[in-house]
Amino acid sequence: MDRKWKWVLSSGALLVIFLGRMTTALEVPLDPKVLEGLPQPPTITHQSPKDFIIDPRENILIYCEAKGKPHPSFSWTRNGTHFDVEKDSKVLMKPSSGTLVIDISGEKAEAYEGIYQCTARNEHGTAVSNNIVIRQSRSPLWSKERKEAIMVQVGVSLVLQCRPPAGLPPPIIFWMDNNFQRLPQNTRVSQALNGDLYFSNVLLDDTRNDYICYARFPHTQTIQQKQPITVKVLDMDAINETVAAMYNYTNNLFVDSPSGERRPSFMAPLGRSSTQMALRGGVLELECIAEGLPTPEVSWYKESGDLPSSRMSFHNFQKTLKIADVMEADAGDYRCTAKNSLGSAHHTIKVNVKAAPFWISAPRNLILAPKETGILTCRVSGDPKPQIAWSVNGVPVEDSPKDMSRKVEDDTVILSDVQTGSSAVYQCNASNEFGYLLANAFVNVLAEAPRVLTPPNNVYQVITNNPAFLDCASFGSPIPTITWFKDSQTSILNRDPYVIHNNGTLEINVAQSLNSGKYTCIASNNLGTKENHVYLEVKEPTRILAQPEYMVVQRNRKAVFECKVKHDPTLIPTMNWLKDNGELPDDERFLVDTDSLTINDVTEEDEGTYTCVMNTTLDQDSASAMLTVVEEPDPPTDLELTDQRERSVQLTWIPGDEHNSPTQKFLVQYEDLLHQAGVWHNLTEEEGTKTTAHLDLSPYAYYSFRVLALNHVGYSQPSQPSRQYRTNPAAPDVNPTDVQGVGTEHNNLVISWKELTGLQSNGPGLQYKVNWRQKDVEEDWSSETVANASKYVVSGTPTFVPYEVKVQAVNDYGNGPAPEAVVGYSGEDVPMSAPESVQVLVQNGTLAEVHWEPVLTSMVRGRLQGYKVSYWRERSLHQAEAQQEEQQVLAFSGNRTDGRLPGLKPYSLYTLNIRVVNGKGEGPLSPNHNFETPEGVPGPPSFLRIKNTNMDSLTLEWGPPQDNNGRLTGYTLKYQPVNNSNELGPVEEMTFPANETTITLADLKYSTRYKFYFNAKTIKGSGPTITEEAITIMDEAFIQQPIVDVVKVHPIGSAFTNVNSSVVGEEGAVISWEYFGPDKNVYVEYIVENSKEDWTKEFVNGSSGSQTYLIKGLKPGTSYRVRVVVKDHSEATIHSTEELVITLPAMKSNQVDLATQGWFIGLMCAIALLILVLLIICFIKRNKGGKYPVKEKEDAHQDPEIQPMKDDDGTFGEYSDTEDHKPLKGSRTPSNGTVKRDDSDDSLVDYGEGGDGQFNEDGSFIGQYSGKKEKDTHEGNESSEAPSPVNAMNSFV
């Protein structure tokens, strides 16, 4: 054993928890590897029942199986004596078994009846079986008997006895007729438990000659038949006394039993009370059969308690009470009551419950180690109390050898200080008059080292917060002690959250992730130690995070259930969807995704409860939601018309299916087949809970009705129309509406109305009777009757006078109700006169009031709508010529006599006129009326410019106001300095006459910002002020008018105002601005215009208020873009001014142009001449190179295309390089001074001036000459000009 574990187990410092030594809990394991070689006393494993009824036609099979180590041998006793199986050739014992097979062919089964007992023994003890009683089943025949007819009077009670022969087991009784049909039974006729047939009272219909009792014997499957019984029922009131006396004398006529109506009495059991015994665990059947007329009804109750409803049942038409699994509490008095209309009868059955012996605690096998103590307990109960007898190896204890280690005390055997070899089998026999119990229990004395039965390296997986059970099944004698360790710890797990059970299992009540790891269990006793390792993995639980929700979906739409799950990543999840706890329908409309279920085109069949189930190998979680499918309700059906009257009818209907959405209302519509066939109109609405509607109808209509139902989804389809319902014609109920009298011409009156509908006509021949008369004039009504019209024109009326008009509906059945008169007016005409006495009251320079006399009503000639005032400005009063402006018109509604004219201009001449307006048009204009407005304050000066800014002076220039609004009296100028903190200095004020337009201000402070305020004034006061600002410059010596172009860009912020710039000298510029932001990181940035370089940045003190900054070191004659920016701590721009473009003046130059100087030109010519001389020498040396031995090398590889050439002067003697006759092709000198090679590769480099070629000591050219020649030869000659130093110069210079 590992030395570490020895130290742990032996260390006294550790608190070791040993399992309690429960001697009765140790059992031999079923593992074959453990059983192999382990001694064990016999144990009976299978035996036949105590009472064994055999079929005489089949062999007898008596079971007796046992186990043990070594395997036990078997023997039998019969009727208390040894049964020698080998001597009887008909008896065979199965190999390795105690089961007997008795061949009874040719023998009588009775010969083998008796009490059998099996004995199984080996060297460690003897076990015995129960006493098995073997009996042959019997089905005896009925004894021959002659049955005479039974004659009974109508109404008496009757019992037909069966009394079958005694069989084994008892037969099953039933009554049938000759046709093998069961006789009908009811509350009047029924079969008792003993098989007799009881009649509570007989009827004439009970007469028959085939009352036959049958007995079926179940083991032999035979049926025995009793002789048929004949019953004749007589009606004694229907026969004479002589015949009755003859029947009474010659036949067995039961006249003692009453035949008339009577109270109930009991036929079985007899008397007022009886007693019955039942055995515990059996079935109690109580029976009460009563006679009487009328037939009584039977009922039951228990006098001292309730009937056991869960175990009881009624049979045989309440005449039998059956109680299953009888208990001691079922003892008591049971009362049955028979009752009919004449009275009742009672019978009490006293039930006593007895009990055959039954186990409370049967003895259990013991495995003990030497020197240990054990107890066998045999606890039984029964009524009467059972007697207990102990045996050892089948021999009564009192007859067995004395054993000082054994002590018997009633139901207990105490074994102390047992020794090796004292194994035995003990039998406990408990018996009373109702039966017995026999139990075998062995005591096996073993000395075994521990064995761990749990497989090694088992991996247990459990979900967090669930209990974990780690097995450590072991076997050993003495019983091993179990200890547990986790990982590399040396401490024993004996505290929370760990619990060690008696069987060695380690329980963790609430497993957490920290409990994961390797566990070691150690089983030890005094004979050795064994260890085993297991592993625990605690997993995260599976949880549904987003559960499906209850959904109400319209039919043919889509339903989506979400089911988002979280699970342990090491477990493989499986998502299943269920519908009503079953599988989803096999339908392509159901789409299962990773975390959702989609149902397309939902139908009513899809309704139900949907459950998402997420399973892993360890746990699962589920969530459910219902789907309700709704749609428009079905249309109502079965429309019926009831309570039919002249002007009303009642409509009833049956609602259609609501489709899970309650009906909110019903809409009743009608169709008038007479007036508007095919058009349905809404008539009335009813609540969704109603199914009737009272409908008010109109005369002279052919009605059809239909009903629509409305729920949350919408309206149903219309119902089928009702049958047609016609109403009779009548006079009109209403007259036309919207009656008006309005003239369209000055001499007519148009009377109009809204015609009645066909349904309102109430009958045929609809016409309109039109009546009119002038109001307030004594004259009769004029009338006219028209048809199919909605207006009537009355001509020849005076202009705009009131008329009373009315229109009445009439038809062939009479007139409508008397109409009410409506006042209307004949036609209007344009007014005939203009307002008079026009006066204007001028309030101020911008407002005037106009007054006039109203036009007489008779001259208005219509409905007065108001007056229109037209006015316009002729000119300003300080202008001689008229400059008429656009005319303005103001309308004053109603009978007004005055109005206000706002928005006038001061010091102006205005003209106005007035006219009256009615419904026909405008009247004539009043004469023009002129009025003047007084002076007012002037408008602002048209401009204010600042120019000629110097160190201490500047010039202001301004323009007069566009609107003088009077005579200008002068101008007012105010100005004050503004410092860097935006504080204002003292104000200076100056006034100027109206004819001045410029002023120069002197004695100003240099480099100072000034703010100017300027306005004009008249005698009425000063006009609005305009303002400007300017800065005096720093030094007069640098004053120069800047060329400033301001380029607008989108500013980032609005923290800067009044940004200006000016040029100082040739290399500087001044930037000024006002800043009102909180940030202090202010920079002036500038960049050369159109440059791609970065902005140059200079830091400025970022205080608020007005600031100026001088930029130095700028380049003269250059344009710059300048801006002021504010940056944050990350150098990001948060505010910026508009960009200013500043152009500095060019610097005056005193430098001399070098290219025009004579000495420079001479120097350049000398250099050119020197180069020319060098080139001539180069070409002379090159021509000599043609006669060098390199020619011989080229002759060996001469290109056939190269032919010797002759010029006009003669032939070269030895070799002439064709290249020498070829001019240098097309080289040009670009303006930048570099030589550009055009189409030709010829250059001095090719001829030794560069590249890989070199000059030899004598000046000849060597190197890659042949290659160059060959290349150039292939290019061919393009010119016949001979090479010359001039050409070479052209290619170089």
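Below, each value reflects all heavy atoms present in this structure, side chains not excepted, and no hydrogens, waters or symmetry copies.
In terms of heavy-atom proximity, T454 sits nearest to N458 at CG2-ND2, 3.9 Å.
A side-chain contact (heavy atoms from CB on, under 4.5 Å) with P633 holds for exactly one of L710, V713, L708, N711; it is N711. Applying the side-chain contact (heavy atoms from CB on, under 4.5 Å) test between N600 and each of V560, D606, L591 identifies L591 as the sole match.
Between T542 and V565, some side-chain heavy-atom pair lies under the 4.5 Å cut-off. Contact annotation: the side chain of L571 approaches that of T617 to within less than 4.5 Å [non-hydrogen atoms, C-beta and beyond]. Considering only heavy atoms from C-beta on, N515 comes within 4.5 Å of L536 through its side chain.
A salt bridge links E328 with R280; the closest basic N to acidic carboxylate O contact falls under 4.0 Å. Taking 4.0 Å as the cut-off between side-chain N and carboxylate O, K539 and D619 do not count as a salt-bridged pair.
Remark: the Y550 side chain and the T628 side chain contain an N/O donor-acceptor pair separated by less than 3.5 Å. Side-chain contact of E537 with S516: a donor-acceptor pair under 3.5 Å is absent, judged by distance alone.
Atom CD of E549 is surrounded by 12 or fewer heavy atoms from other residues, nucleotides or ligands within 6.0 Å. More than 12 heavy atoms of other shown residues, nucleotides or ligands fall within 6.0 angstrom of atom CZ in R311. For K564, the NZ atom is loosely surrounded, since the number of other residues' heavy atoms within 6.0 Å does not exceed 12. For F561, the CZ atom is densely surrounded, since the number of other residues' heavy atoms within 6.0 Å is greater than 12. Other residues, nucleotides and ligands contribute more than 12 heavy atoms inside 6.0 Å of the CG atom of N457.
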Q: Go through the steps to decide whether Q512 and N465 satisfy the test side chain to side chain donor-acceptor pair (under 3.5 Å), and finish with yes or no.
A: CA-CA 6 Å; Q512 302 295 330; N465 295 327; 2.6 Å; yes
Q: Would you sort out whether D593 and T598 count as a side-chain contact (heavy atoms from CB on, under 4.5 Å), showing the intermediate values?
A: CA-CA 8 Å; D593 204 350; T598 302; over 6 Å; no
Q | Trace of the side chain to side chain donor-acceptor pair (under 3.5 Å) decision for T45 with E65 | A | CA-CA 5 Å; T45 59; E65 302 288 344; 5.6 Å; no
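The CG atom of D638 sits 11.0 Å away from atom CD of Q720, with the distance rounded to the nearest 0.5 Å. One distance of note links CG of L545 with NE2 of H567; it measures 10.5 Å at 0.5 Å rounding. Here N130 contributes atom CG and K50 contributes atom NZ; the two are 5.0 Å apart, rounded to the nearest 0.5 Å. Separating the SG atom in C472 from the NE2 atom in H533 is a distance of 11.0 Å, to the nearest 0.5 Å. A distance of 10.0 Å separates OG1 of T616 from CG of D621, quoted to the nearest 0.5 Å.
Using a 30° and 60° split on the angle between ring planes, Y519 and W484 fall in the perpendicular class, above 60°.
Under the 6.0 Å cut-off for aromatic ring centres, F666 and W653 qualify, their centroids lying closer than that.
The cationic group of K518 does not satisfy the cation-pi geometry with Y535, failing either the under 6.0 Å distance to the six-membered ring centre or the 45° limit from the ring axis.
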